[in-house]
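Notes for the one structure printed next.
In what follows, every heavy atom counts, from backbone to side chain, and hydrogens, waters and symmetry copies are set aside. FYI, the numbering just counts along the sequence from 1. Predicted, not measured: the structure shown is a model, and the values here were computed from it.
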Amino acid sequence: MTVRPAIIIRRIGPYHRARLNALRAATEAVLAVEVCRQDETYAWPHEPLPSHIARATLFNRQAEGRTIAALRQRVEAALTTFAPDCVAVPGWAEPAGLMALQWARRRGVPVILMSDSQMHDAPRRRLTEWPKRAVVRCAGAGFAAGPTSRDYLVQLGMAPHTIALGYDAVDNAHFCRGAEAARCTPGVRERLGLPARYVIAVARFVPQKNLLTLVGAYNEARRRGLVEADLVIVGEGPERPALQALEGPGVSICPFADNDRLPALYGLSDGLILPSLVEPWGLVVNEAMAASRPVIVSDRAGAAPALVEDGVNGFVCPPTHEGLMAAMARLARADVEAMGEAAAARIAQWDLDRFVQGFRAAAGIAAARERGRPGRLRHLRRLSGPPLGVMARLVGALS
């Protein structure tokens, strides 16, 4: 099946580039509709794309001229020029995605709803679930990260057989090669200023990442003699001052690391810790496992049930002081190299090929469902439904 998709992305980062590259190799053409070139969420630099991937950037900055009218005009211009045969939108809370969905409905273009949201990510209220259900009804297929995100789409009304998996994938080879090179090259640890042994957390410095609790749990585990390796925390965000206030023996707070530096940071560690209170997936888990490192993952993360076999390639724990401390103590007693090999074997099943196969499967489902609708029903489907711009505002305000 020939696929010519347009994919709506809030801001293109390294993992988007890897997925788009892989998808373009298996398709006639790909358009990445990037909502903004810069935002306040991620410290990524502007991510270039190869010339064989079409790109339409709607705004330079997150808040620049973002009226619904301006957004609709730019989304529709980009899609009309490219003329995709399917449109993939990121869930229900991005207004640009809902504008694209509305454009596709009016033209009978199949829609893929991409999602890694889970039922337990936030309190779910009828007022916010109603507009999500309306968006789900507009999509021909779902493309979910894993089992928990698929289950949430089903709860919102999407039929299980119309959902493909594989949305959250990274360039495994990049992290594998970089980690191996770091482990085999003398002096890398010293050049990067890394401790002789450490566990690493890579995250935005925001409350939902639960880093302050992690530091407290680590400090107590170290006082009790349960761990020997240092804790290295890498990232940026508003909690940096609070984290730096806790920096001391065994704890290092390091700046944001780009995609080129991360493989070495993972590869030289004893393992990754993801302590999040809210985490739809957690791509750092994929990255660390591709670097052949074991992982400690909060049971709130979507990656936990999909990727982590407790005691084999990592540990799953509640994101509490006691839970994190116990998991770090378990990792300290574990055979890190054996668990790292098991992690690499597991993540090999969740590579970019899985993303491409899942996307193409979702595109096929959406296209078949669109073709299978009688002409009159297709017409009614395009014209019915609440104003999607209003729905985006409602979900964003109340989620």
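Residues H174 and P263 meet the side-chain proximity criterion, which asks for heavy atoms closer than 4.5 Å. Using a 4.5 Å heavy-atom cutoff, the side chains of V284 and E287 are in contact. Side-chain contact between T148 and M119 is absent, with no heavy-atom pair separated by less than 4.5 Å.
No donor-acceptor pair under 3.5 Å is formed between the side chain of D270 and the backbone N or O of R197. Listed for the D310 side chain is a donor-acceptor partner under 3.5 Å among the backbone atoms of V316.
Annotation: cation-pi pair R223/Y218 absent, no NZ/CZ under 6.0 Å from the ring centroid and within 45° of its normal. In this structure, R354 forms a cation-pi arrangement with W350, its terminal cationic atom sitting closer than 6.0 Å to the ring centre and no more than 45° off the ring axis.
Aromatic ring pairs are classed by plane angle as parallel below 30°, tilted from 30° to 60° and perpendicular above 60°; the pair F143 and Y167 is tilted.
For N60 and R37, the side-chain atoms include at least one donor-acceptor pair closer than 3.5 Å. T80 and W103 share a side-chain donor-acceptor pair at under 3.5 Å. Side-chain N/O atoms of E220 and H321 include a donor and acceptor closer than 3.5 Å.
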* CA sep, side-chain torsions, deciding dist, call: L58, C36, side chain to side chain contact (heavy atoms under 4.5 Å, CB included) -> CA-CA 6 Å; L58 306 183; C36 58; over 6 Å; no
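Among residues two or more places apart in sequence or in another chain, the side-chain contact (heavy atoms from CB on, under 4.5 Å) test is passed with E341 by none. Applying the salt bridge (charged side-chain N to carboxylate O under 4.0 Å, His left out) criterion to E309, with sequence neighbours excluded, gives no partner residue. With sequence neighbours left out, the side-chain contact (heavy atoms from CB on, under 4.5 Å) criterion links S117 to W92, S115, D121, Y152.
Ionic pairing of R222 and D230 is present here: one or more N-O contacts between side-chain nitrogen and carboxylate oxygen are shorter than 4.0 angstrom.
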